[in-house]
Undergrad: 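Okay, handing you the structure first.
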2 protein chains.
Amino acid sequence: MINCSCFIYKKHLIITLEKSTKGLFKNCYYLIIHMSAYSKSDTSAIEALRKKGYKATPQRIAICRIALNSRAHPSAHKVYEEVKKIHPTVSLATVYKTLEVLRDVKLMQEINLPKGQARFDSYMTPHINLVCLKCGNITDLDDIVIGEITRKVLSSTKFQPTGQRVDVYGLCQKCSNSK
Amino acid sequence: MINCSCFIYKKHLIITLEKSTKGLFKNCYYLIIHMSAYSKSDTSAIEALRKKGYKATPQRIAICRIALNSRAHPSAHKVYEEVKKIHPTVSLATVYKTLEVLRDVKLMQEINLPKGQARFDSYMTPHINLVCLKCGNITDLDDIVIGEITRKVLSSTKFQPTGQRVDVYGLCQKCSNSK
DNA sequence: CTCAGTGCAAAAGGTTTGCATCTTG
DNA sequence: CAAGATGCAAACCTTTTGCACTGAG
């Protein structure tokens, strides 16, 4: 076992090499590893797709990598922009079809907002979306209250819940300060 | 003070006249009053509009009457269809503009759903929307849990909430039976 | 009498679809 | 090699906008 200090910067894991490890990599002081290339989601996404009978095409894997690793709640168009950097010939239609598939295999959910396009959320644990009405940013907030909701629906109605969404609209700290 | 029995049938208040009151209306045994003509929302909507500097035009009042008295979470187009029965020349653009105004004066909120158009909800007390993924019906459910959400956001973040929405997706009783 | 509101038509998105071509399993 | 996926363009739909005209306050 080797101990070394490391930190994460813009989706890269940056490892500072100590004397003991430096010898292993000539002329190197740091190891910079792009995390998405090693992220778990690739294989787990492929599995999830195949389990439901979907084919794991390169386009779909690229879309998964981008959409599932982002906590920024990207729009379909934003995902498209990112995917194009890897697959320049990809089409918006494919992105839409893939996002539909990812919803089907329960890897993400859709957030529909007033005025504008759908946004996508790969954080599937029930949570609160804090939607800023000024800058449009969406941040997630975990809370136990949320788990109660499905339980209440089940106990008081004949409705069969399969998913849920909790949005709180308002102003984020930045926007309420600058108002 | 006059006591008489009455009941409501299809938005009409039906008053059965007793001996004591019968004399006041010659040859009448019932008074049938169309409630929407006397519903509170007309005057309260007009007040709410004027308070914010909006003019209370006949079109707006008609849209209020329809949109605010419906618990069916109508779409903009559905509201338009209904309003046209009263104002045949009304345009969809006016409906959209008015719904925007009604949101602004806090008389209703918008529900954005996957695949399709926005739906409108005039029930402004925090509640749960039970959205059936098969038939598209939306029913409301009151629960105290919901009131907790804003409180939690306030106590654990710097976010300034102004509104909220809780949707639970799934199958309504009818659809889960017929599946 | 004035400014906001209306209605029309056209524009502007975002999303979906049809279809020939290409790929995965 | 067959079923399914891609990519392109066109179609779709909901929503918004521009503008001349009308009506509420």
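Here the structure is a predicted model, which means the values were calculated and not measured. Every chain is numbered from 1 and lettered A, B, ... according to where its sequence line falls, protein lines coming before strand lines.
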Undergrad: Mind calculating the distance between NZ (Lys52(B)) and P (dA4(C)) to the nearest angstrom?
TA: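 Rounding to the nearest Å, NZ of Lys52(B) and P of dA4(C) are 16 Å apart.
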
Undergrad: For Glu100(A) and dG14(C), what is the distance between atoms CD and P respectively, to the nearest whole Å?
TA: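 In whole Å, dG14(C) P and Glu100(A) CD are 19 Å from each other.
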
Undergrad: May I have the distance from Leu99(A) (atom CG) to dT6(D) (atom P), rounded to whole angstrom?
TA: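 One finds 12 Å between P of dT6(D) and CG of Leu99(A), rounded.
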
Undergrad: Starting at CG of Leu92(A) and ending at C1' of dT16(C), how long is that distance when rounded to a whole Å?
TA: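 The answer, rounded to whole Å, is 11 Å.
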
Undergrad: Taking atom P of dA4(C) as reference, at what distance in whole Å does atom CZ of Arg50(B) sit?
TA: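 Answer to the nearest Å: 16 Å.
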
Undergrad: When you measure from the side chain of Ser122(A) to the backbone of Met108(A), do you find a donor-acceptor pair of N or O atoms at a distance under 3.5 Å?
TA: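 No, the answer is negative, given that no donor and acceptor are paired below the 3.5 Å cut-off.
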
Undergrad: Of all of residues 53-60 of chain B, which get a heavy atom below 4.0 angstrom from DNA chain C, listed by number?
TA: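 Heavy-atom contacts with DNA chain C come from Tyr54(B), Lys55(B), Thr57(B), Gln59(B), Arg60(B).
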
Undergrad: Using only modelled atom types and a 3.5 angstrom limit, is any donor from either the side chain of Lys97(A) or the base of dG4(D) paired with an acceptor on the other?
TA: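 Donor-acceptor pair under 3.5 Å: no.
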
Undergrad: Distance check: side-chain N/O of Thr94(B) vs OP1/OP2 of dG7(C), anything under 4.0 Å?
TA: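 So the side-chain polar atoms of Thr94(B) do come within 4.0 Å of the phosphate oxygens OP1 or OP2 of dG7(C), strictly under.
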
Undergrad: Which whole-number value in Å describes the distance from Asp104(B) CG to dG5(C) P?
TA: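 In whole Å, dG5(C) P and Asp104(B) CG are 11 Å from each other.
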
Undergrad: Report the distance from atom CD1 of Ile111(B) to atom C1' of dT15(D), rounded to the nearest whole Å.
TA: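 Roughly 18 Å, once rounded to whole Å.
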
Undergrad: Show, in sequence, the C-alpha distance, side-chain angles and deciding distance for Arg103(A) and Phe120(A), and conclude whether the side chain to side chain contact (heavy atoms under 4.5 Å, CB included) test is met.
TA: CA-CA 9 Å; Arg103(A) 246 173 304 165; Phe120(A) 296 88; 4.2 Å; yes

Undergrad: Report yes or no: does His73(B) contribute a side-chain atom to a donor-acceptor pair with the main-chain N or O of Ile138(B) at less than 3.5 Å?
TA: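 Confirmed, His73(B) side chain pairs with Ile138(B) backbone.
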
Undergrad: Can you list, by chain and residue number, the hydrophobic cluster partners of Tyr123(A) when the side-chain cut-off is 4.5 Å?
TA: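 So far as hydrophobic clustering goes, Tyr123(A) is joined with none.
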
Undergrad: Let me know the distance between NZ of Lys51(A) and C1' of dG25(C), rounded to the nearest Å.
TA: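 Those two atoms, NZ and C1', are 18 Å apart.
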
Undergrad: May I have the list of side-chain donor-acceptor pairs in residues 147-156 of chain B shorter than 3.5 Å, sequence neighbours left out?
TA:
{"residue": "Glu148(B)", "atom": "OE2", "partner": "Arg151(B)", "partner atom": "NH1", "Å": "2.5"}
{"residue": "Thr150(B)", "atom": "OG1", "partner": "Gln164(B)", "partner atom": "OE1", "Å": "2.9"}
{"residue": "Lys152(B)", "atom": "NZ", "partner": "Asp143(A)", "partner atom": "OD1", "Å": "3.3"}
{"residue": "Ser155(B)", "atom": "OG", "partner": "Arg151(B)", "partner atom": "O", "Å": "3.3"}
{"residue": "Ser155(B)", "atom": "OG", "partner": "Lys152(B)", "partner atom": "O", "Å": "3.1"}
{"residue": "Ser156(B)", "atom": "OG", "partner": "Lys152(B)", "partner atom": "O", "Å": "2.7"}

Undergrad: Can you tell me how far NZ of Lys174(A) sits from CG of Asn137(A), rounded to the nearest 0.5 angstrom?
TA: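 The NZ atom of Lys174(A) is 7.0 Å from CG of Asn137(A), to the nearest 0.5 Å.
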
Undergrad: Please set out all donor-acceptor pairs under 3.5 angstrom arising from side-chain atoms of residues 50-64 of chain A, sequence neighbours excluded.
TA:
{"residue": "Tyr54(A)", "atom": "OH", "partner": "Asp104(A)", "partner atom": "OD2", "Å": "2.5"}
{"residue": "Thr57(A)", "atom": "OG1", "partner": "Arg60(A)", "partner atom": "N", "Å": "3.3"}
{"residue": "Arg60(A)", "atom": "NH1", "partner": "Lys55(A)", "partner atom": "O", "Å": "2.7"}

Undergrad: Roughly how far, to the nearest 0.5 Å, is the CG atom of Leu102(A) from the CG atom of Leu107(A)?
TA: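 Interatomic distance, Leu107(A) CG to Leu102(A) CG, rounded to 0.5 Å: 5.5 Å.
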
Undergrad: Counting only heavy atoms and a strict 4.0 angstrom limit, can you tell me which residues of residues 77-90 of chain B come near DNA chain D?
TA: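 Output list: empty, so none.
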
Undergrad: With sequence neighbours left out, what residues match His77(B) under ring pair (Phe, Tyr, Trp, His ring centres under 6.0 Å)?
TA: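 Here the qualifying residues are Tyr80(B).
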
